[in-house]
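Because the structure is predicted, anything quoted here is derived from the model rather than measured.
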Amino acid sequence: MTITSPHLGSSKAWTDAQLLYALEEVVEKELNRHLKVAKDWMPHEYVPFSDGRNFPGIFEDGEAWSSDQSKVTDIGKIALVVNLLTEDNLPSYHHEIASLFGRDGAWGTWVHRWTAEEGRHGIVMRDYLLTSRAVDPDQLEQFRMAHMAEGFESDNRHSMLHSVAYVAFQELATRVSHRNTGHQSGDPVCDRMLARIATDENLHMVFYRNLLGASFELAPDLTMQAVRDVVVNFRMPGHGMPGFERAAAQMAIGEIYNMRIHHDDVIQPVLRYLKVMEIDGLGPEGVKAQEELGLYMGGLDSEASKFDEKLAARKARMIARGRA
């Protein structure tokens, strides 16, 4: 969409309210596209309920949980808990985007639709984890309470453009994390469930990515600055959950989500699709942001290569020990 404006590209041309109004047409178009391609699915169809049994409590036949009751791998269990706790904070996420994007018109319809679709993810993952006894149910609930009691405040809530840029990358990051968790879970049922969730997350990414592309047409300098800020300071929404740093380190080693994956499978695909590094006609601030983004991506690639080397050396040591 192209909107003629005497201030096109000016860093002072747009307020959040003006951008929300100007992008409403794009939101409606993307919403209609999303509704045509998104497929409804039933969470209960992905859960092996016949494998379930009672836990201790009001049931006399309740069986206590133990770590050997599930076929899910250790790294799969860690990642599943992180992914579920992330999904659990949906009330805070809804509040954030409803406050920023509004509850009326196409924006509001999208906010509610997105929330409903994301709600399925938490439902199916929790049902799977409890039915398959993949994790300690008491600890899972304690983590949920602690994480949700903290709430969630986005690093980008100060700016509509920053928020759009963030979710364009974050939705893809979530898709990748779910997909890789499924691959590493050791359970085909879990893999199918997370593949279904990942499909939703990919559609959400496409919505926001296309919206980000329209923002570049409207306000290229401001959008470039927002993308630079978001990429340089990117954090996953689950960063405040109990034990997140340790779990993230284990997920990095387990090749579920690490710097190489972040660079190659999350940041670069969005930048490449939108041709962010090829955009010209920018003002001084836009050019500066574009150059700084390029420098950061080069540094991230170098750090990812160092991580790759350490991971390869670790694998070699583990193989050697196994053969000893």
Side-chain angles (χ1 to χ4, degrees), residues 1-38 89-119 151-172 174 200-201 203-231 233-235 237 270-271 273-274 276 279 281-283 285-286 289 293:
M1 181 185 73
T2 302
I3 293 182
T4 302
S5 168
H7 304 293
L8 188 63
S10 167
S11 61
K12 299 180 180 179
W14 300 97
T15 65
D16 275 4
Q18 290 170 333
L19 278 167
L20 284 167
Y21 178 79
L23 288 168
E24 180 94 18
E25 180 183 327
V26 181
V27 172
E28 183 175 6
K29 175 185 174 183
E30 290 302 315
L31 173 63
N32 290 334
R33 180 199 55 76
H34 177 84
L35 294 175
K36 287 180 180 179
V37 298
N89 247 344
L90 183 59
S92 287
Y93 307 149
H94 174 83
H95 174 74
E96 289 270 331
I97 65 173
S99 299
L100 189 66
F101 298 151
R103 299 166 63 94
D104 302 317
W107 280 106
T109 302
W110 167 254
V111 166
H112 297 310
R113 174 72 189 198
W114 174 88
T115 302
E117 292 185 0
E118 289 287 342
F152 174 81
E153 288 189 348
S154 169
D155 296 332
N156 303 288
R157 62 189 179 280
H158 63 286
S159 160
M160 175 266 186
L161 277 179
H162 283 72
S163 296
V164 169
Y166 175 75
V167 288
F169 295 106
Q170 182 267 321
E171 293 283 4
L172 183 53
T174 304
D200 282 0
E201 302 289 9
L203 290 178
H204 297 165
M205 178 277 294
V206 170
F207 178 95
Y208 287 118
R209 183 196 64 192
N210 292 350
L211 195 57
L212 186 61
S215 300
F216 269 115
E217 292 187 37
L218 285 173
D221 282 347
L222 283 174
T223 306
M224 187 66 73
Q225 292 171 71
V227 169
R228 173 204 57 198
D229 294 345
V230 164
V231 170
N233 299 296
F234 185 87
R235 295 195 297 174
V270 176
L271 297 181
Y273 182 88
L274 297 177
V276 172
I279 294 174
L282 297 166
E285 291 300 317
L293 178 62

Exercise. With the side chain counted from C-beta on, respond yes when V27 and F207 share a heavy-atom pair under 4.5 Å apart, and no when they do not.
Key: yes

Exercise. Please report the C-alpha distance between F169 and Y208 in whole Å, then the side-chain angles of each, then the deciding distance to 0.1 Å, and finally whether the ring pair (Phe, Tyr, Trp, His ring centres under 6.0 Å) criterion is met.
Key: CA-CA 9 Å; F169 295 106; Y208 287 118; over 10 Å; no

Quiz item: Which atom pair, heavy atoms only, marks the closest approach of V227 to L271?
Solution: CG1-CD2, 4.0 Å

Self-check item: L90 to W114 - nearest heavy-atom pair and separation
Solution: CD1-CZ3, 3.7 Å

Quiz item: So among D229, T223, N156, which one has a side chain to side chain donor-acceptor pair (under 3.5 Å) with H162?
Solution: D229

Practice problem: Look up atom CD1 in I97 and atom CZ in R103, then write down how far apart they are to the nearest 0.5 Å. | Solution: 10.5 Å

Exercise. Please round to the nearest 0.5 Å and tell me the distance separating atom OG1 of T109 and atom CD of E28.
Key: 8.5 Å

Exercise. Working to the nearest 0.5 Å, report the span between NE2 of H158 and CG of D16.
Key: 9.0 Å

Exercise. Grab the two heavy atoms, one from E30 and one from N210, that are nearest each other, plus how far apart they are.
Key: OE1-ND2, 3.0 Å

Exercise. Look up atom CG in L274 and atom CZ in F216, then write down how far apart they are to the nearest 0.5 Å.
Key: 6.5 Å

Practice problem: Write down the atom of V206, the atom of R33, and the distance for their closest heavy-atom approach. | Solution: CG1-NH2, 3.6 Å

Quiz prompt | Pairs flagged by ring-ring contact (aromatic ring centres under 6.0 Å, His included) wherever residues 15-37 is involved - sequence neighbours left out | solution = H34-W110, H34-H204

Exercise. Would you give the length of the straight line joining atom CD of E96 to atom CZ of F101, rounded to the nearest 0.5 angstrom?
Key: 10.0 Å

Self-check item: Within 6.0 angstrom of H95 NE2, more than 12 heavy atoms from elsewhere
Solution: no

Exercise. Report the residues that fulfil side chain to side chain contact (heavy atoms under 4.5 Å, CB included) with L282, sequence neighbours left out, ordered by chain and then residue number.
Key: P220, D221, M224, I279, V287, Q290

Self-check item: Electrostatic pair K29-E25, nearest N-O below 4.0 angstrom
Solution: no

Self-check item: Residues forming a side chain to side chain contact (heavy atoms under 4.5 Å, CB included) with T174, sequence neighbours excluded
Solution: E87, Q170, H178, E201, M236

Practice problem: Kindly determine whether Y273 and R209 satisfy side-chain contact (heavy atoms from CB on, under 4.5 Å), including the steps that lead there. | Solution: CA-CA 9 Å; Y273 182 88; R209 183 196 64 192; 3.3 Å; yes

Quiz item: So, for A38 and R113, which heavy atoms are closest and what is the spacing to 0.1 Å?
Solution: CB-NH2, 4.2 Å

Quiz prompt | L212 versus A168, closest heavy-atom pair with distance | solution = CD2-CB, 4.1 Å

Quiz item: Do S159 and Y166 touch side chain to side chain, with heavy atoms closer than 4.5 Å?
Solution: no

Self-check item: CG-CG distance between L161 and L23, expressed to the nearest 0.5 angstrom
Solution: 7.5 Å

